[in-house]
Structure formats: structure tokens, C-alpha cells
2 protein chains.
Amino acid sequence: MALTVLVVDDDFRVARLHADIVRATPGFAEPDSCASVAEAMRLAARGVDLALVDLYLPDGSGLELVRSLDCDVFVLSAAAEAGTVRTALSRGALAYLVKPFGAEALSDRLGAYRRYRALLDGADVVQQDAVDAAIRVLHGQGAGTRPKGHSALTEQAVAQAVAAAGEPVSAAEVAEQVGISRATAQRYLALLADQGRLDVQLRYGTTGRPEHRFSPVRAGAGPLS
Amino acid sequence: MALTVLVVDDDFRVARLHADIVRATPGFAEPDSCASVAEAMRLAARGVDLALVDLYLPDGSGLELVRSLDCDVFVLSAAAEAGTVRTALSRGALAYLVKPFGAEALSDRLGAYRRYRALLDGADVVQQDAVDAAIRVLHGQGAGTRPKGHSALTEQAVAQAVAAAGEPVSAAEVAEQVGISRATAQRYLALLADQGRLDVQLRYGTTGRPEHRFSPVRAGAGPLS
DNA sequence: GATGCCGTGCGCACAATGCGCAGAAGTCGG
DNA sequence: CCGACTTCTGCGCATTGTGCGCACGGCATC
């Protein structure tokens, strides 16, 4: 039985992006989308397995919605205050993704959620082992499969350097920032771009090969220019 | 700052047992106890970090209490129906322990909760990797007992060597300090890092695989004992 | 004394990095 | 339009460190 998902985001482009990811993930039905607390409550009342909730909503608090919904919830939000994260988890969010994130990050967690449901739905009564296993499945290696020659720590450092830069940066600049070689920075930046997590622009105007400049993919609120 | 805990169980013997476990776990204040939903709401309103909630309560549903409480919640219950587990987690339970369980099971999870709080309280704004790390600390390996092939004495010696170093250290340095092999030091350091007790940095700059360097996790506001 | 389990060390496969360079991808001038 | 030149990217290879399977010693149990 395919799992039903409701995408709750007031930016229709973002909602569509997330719906596309759900659609592309095996085991999930065609997702619904809506843009407000009121509409989310109405659609969820029809029965839905999982809601993907942005915390910034026009008619109320996403955090309050997390508490009010009777279905499972993932929070997908640009809000990265530690207190917000804790409150969301405390109110029942089973996952918290900080925007911007790559399609694979969400897809992986959807896959993990499906396995979590399979473990708990497969039995009427569970032992402690099964409870622990289900929770671990849900929260296990959520990071995407990484090719050989790439380390999780270096990938994080590179992604953070780009995010912190506030403007497009070159491989050389990231290399200096992180303390790695230009070639290694280049490899990671290319990987992140391939995963859809970074945008690439070319800087023309000087002699020689144009420089690749990298910036975070914008999936947050506000119009894209 | 010691974390405050409220034990909610209508069996006073069980409540006392759980309170004793909390009392015996470092980093927690003298716990409060109560035996009903009404009393739990009243005591929690004064501010409490964590409630340990039994689902069978005389004046109402423990599951409803989980949703209503504004603090973090662990469910400790003999109720082992899969649907109940899912509902509890969906309503915000950060952990679910099926009665009867050993003192160590609860004590380990309290320790994991403390590290989870330290990770999230230690920063105003967090990155995705910090969110993931905090969740892993709460639900991952760190939540359980020590795996096979690890001794408490060695673990302690390794942790002390890192604490005493005053700067990030490599596995080879810890091995030399403690008098164990590099591979064994590596195993313990990796475990402690997975448990959220140590930070890992990579030392770049030479050809070959970068060296993992370990240091104590920077605690959040207030000293952890 | 035999057996099984636990924790450790050993040794090695391989993961992840930097180096250096070939060549890709531009600009510029004739 | 084309060749020369510049600047940058991508990649093969050597290097260094990690992670893991397995053997072994010690100890507890029968």
C-alpha cells in the first residue's frame, strides 16, 4: 500500500519541488499540496500518513500545526534556531530538514520512513528491540550515498563554507577556507552540484578558462531572481 | 545546569524506582513524581526539561498527556501495541521504553538525552549536520549499552586521555598515551564520537588519508558534571 | 581440563587526500 | 578565422591513515 503524503508550503514552487521528490520515491502515492495551516488541517483530516511541513505559514504557526496534526510529520524549514528544532522534535516531528537541502536528503528520509512504517505496521505487538530498531531505521544514516573518495566530514565542511560565503565562491576560495587542496575542493563542489545541492555559475571576462563559482541552491521563501 | 525530570506513574513503587534511576544518573536534578494527568500538567507548568510518562493513568490518556506537555517526553509503558508506539512517537515522545526494562536501559537513554540537549543548547543556530548528530545521539548507538568488544575501563581511559590533552589528538597519540594499539584507540574514539561525546576534525594538508583528530564536545550553557 | 566468550593486537585492503600535469575552455591579436 | 597564450579543471598516481576480519591470550564456567 502506497503511503500518502501532504506537502505544506506557502511557496508553490517549493511545494512542487518537494512533491516531485515524493513522486519519484518508491512506495508513495501521488502527494497532495497545500499552503496554509487551515488547509493542511482539512486535508489531513481525510487521512494522510505523513506531512512535510514548512514552519513559515501565512495563517499560523507551523510549530502549532506539527502538534495539531494527527499524522506523522517531517519539518522542512529554513528556520535553524536550535530552540525551534527542539520544539519541533518535542511536538512530534520525526525528522527535521534545514533548507536548502538536496533532493536526495529528502528522498533518503522518505525511504527510511517507509521502512520505519513497515517495521511497526508489520506487527500488532512489539518488543523493545523492535521499537529501538524502528527508531534507528528512521534516524539512521540519513546522508545520501557518497561515492568513494569522499568523506562525510569534508563534504559538510565544504557545504558549510559555501553557505557561509554569502556569494558565489570558487574552488580555490573554498579550499583556502576549509584548509584542503583546490583539487579536493573542486571534487566536492562538483559532487554537491551533481546532487543538486549547489548551483554553478561561470565567471567570464578574463583570459583563460572561466572559473566555476558555486552557491547554495535557493529553495527558501521569496522570489527567485 | 542539572536537567529537571518529572516522573508520571500511578504506581508509586514504579515511580520511586524510576526516580531512583534519575537520581543516580549524573547531570539530573532531584526528580519530581506524580500519579495523574492533572498533577503532571500542574507540575510541568512550573518548567521541567523531561517527563517520563506511563500511558496508563487514572484520570486520562497518557497519549493525550504526551501531546499536551510542552517539555520533552519519554514514554515508559507496558503498552506494546505497534499503533500505540507510533502514536506516542508522532505526538512527540523522544523515546519509548517497554516495561519491564532494566535500570541501565533508562540510565543510558537519560545520558543520551543529556548529550542531545548539550548539542542543541550549545548553539543558537544549527546546521543540518548538527540536527542529524543530535538526533543520532538520542536514537543511535549512544542510546544503547556499550557494544561488545568494548570495555568500560578502556573507554574511560581513552576519554580521559582526550580530555587531558587540551588540544585535538589523533588515535595514534591516544594509543601511545593509554598504552593500547592504534586500532583499538581508533575504535573507542569512533564510538565516543558516535555517542556525541567527542568532536571529530580532520587534519588536512598532506597526501594520504586525512588524520582524524578528537576533542571533547564543547558543552552548552553551564557545566556538565 | 575443555569450552566458550570477551577484549585486544596485528596486518592488510582500501578510503581519502595532495601533487603535478595534460588538456579544456576561454580571450586576444594578427 | 586561426594560432598563441592564459587560466582553470579534472584526473592518474603516490601517500598516509582508517576500518575491519581474524587470531590469540586471559578468564569464567561447566
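Lettering of chains follows the sequences in order, A, B, ..., and the numbering in each one begins at 1. Keep in mind that what you see is a predicted model, and the values were worked out from it rather than measured.
Between B/S33 and B/A15 the shortest heavy-atom distance is OG-O, 4.2 Å.
A/L138 places none of its side-chain heavy atoms less than 4.5 Å from the side chain of B/L89. Under the 4.5 Å side-chain criterion, counting only non-hydrogen atoms from C-beta, B/V75 is not in contact with B/T84. For the pair B/H18/B/V14, a side-chain contact is recorded, criterion being any heavy-atom separation below 4.5 Å from C-beta on. Residues A/F214 and A/Q186 are in side-chain contact: their nearest non-hydrogen atoms beyond the backbone lie under 4.5 Å apart.
Between the NZ atom of A/K148 and the P atom of D/dG12 there is a distance of 15 Å, given to the nearest Å.
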Item checked: Footprint string (nucleotides 3-11 of chain D, 5' to 3'): B base within contact, S backbone only, - free, heavy atoms under 4.0 Å -> ---BBBBBB

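Applying the salt bridge (charged side-chain N to carboxylate O under 4.0 Å, His left out) criterion to A/D20, with sequence neighbours excluded, gives A/R23. Here A/D49 pairs with A/R117 under the salt bridge (charged side-chain N to carboxylate O under 4.0 Å, His left out) rule; sequence neighbours left out. Qualifying salt bridge (charged side-chain N to carboxylate O under 4.0 Å, His left out) partners for B/R16, counting only residues two or more places apart in sequence or in other chains: none. Here B/E211 pairs with B/R203, B/R213 under the salt bridge (charged side-chain N to carboxylate O under 4.0 Å, His left out) rule; sequence neighbours left out.
Within residues 149-168 of chain B, the residues having any heavy atom under 4.0 Å from DNA chain C are, by residue number, B/G149, B/H150, B/S151, B/T154.
Within the structure, salt bridge (Lys or Arg N to Asp or Glu O under 4.0 Å) pairs that include any residue of residues 3-12 of chain B comprise B/D9-B/K99, B/D11-B/R13 (at least two apart or interchain). Among residues at least two apart or in separate chains, salt bridge (Lys or Arg N to Asp or Glu O under 4.0 Å) pairs with a member in residues 88-98 of chain A are A/E64-A/R91, A/R91-B/D70. Judged as a ring pair (Phe, Tyr, Trp, His ring centres under 6.0 Å), the pairs with a partner in residues 72-91 of chain B (not counting sequence neighbours) are, in order, B/F74-B/Y113.
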When you compare the protein's N or O atoms with those of nucleotides 22-28 of chain D, which come within less than 3.5 Å of each other, and at what distance?
none

Let me have the donor-acceptor pairs involving side chains of residues 150-159 of chain A, under 3.5 Å, with sequence neighbours excluded, atom names and distances please.
unit_1, atom_1, unit_2, atom_2, d
A/H150, ND1, A/K148, O, 3.3
A/S151, OG, A/L153, N, 3.3
A/S151, OG, A/T154, N, 3.2
A/S151, OG, A/T154, OG1, 3.2
A/T154, OG1, B/Y204, OH, 2.6
A/E155, OE1, A/R146, NE, 3.0
A/E155, OE2, A/R197, NH1, 2.9

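Along DNA chain C, the nucleotide closest to A/Y204 and the one closest to A/T184 are compared, and the more 5′ of them pairs with A/T184. Position along DNA chain C of the nearest nucleotide to A/G205 versus B/G179 favours B/G179 as the more 5'-ward residue.
Contacts between chain A and DNA chain C, taken as any atom within less than 4.0 angstrom of a protein heavy atom, begin and end at C/dA15 to C/dC28.
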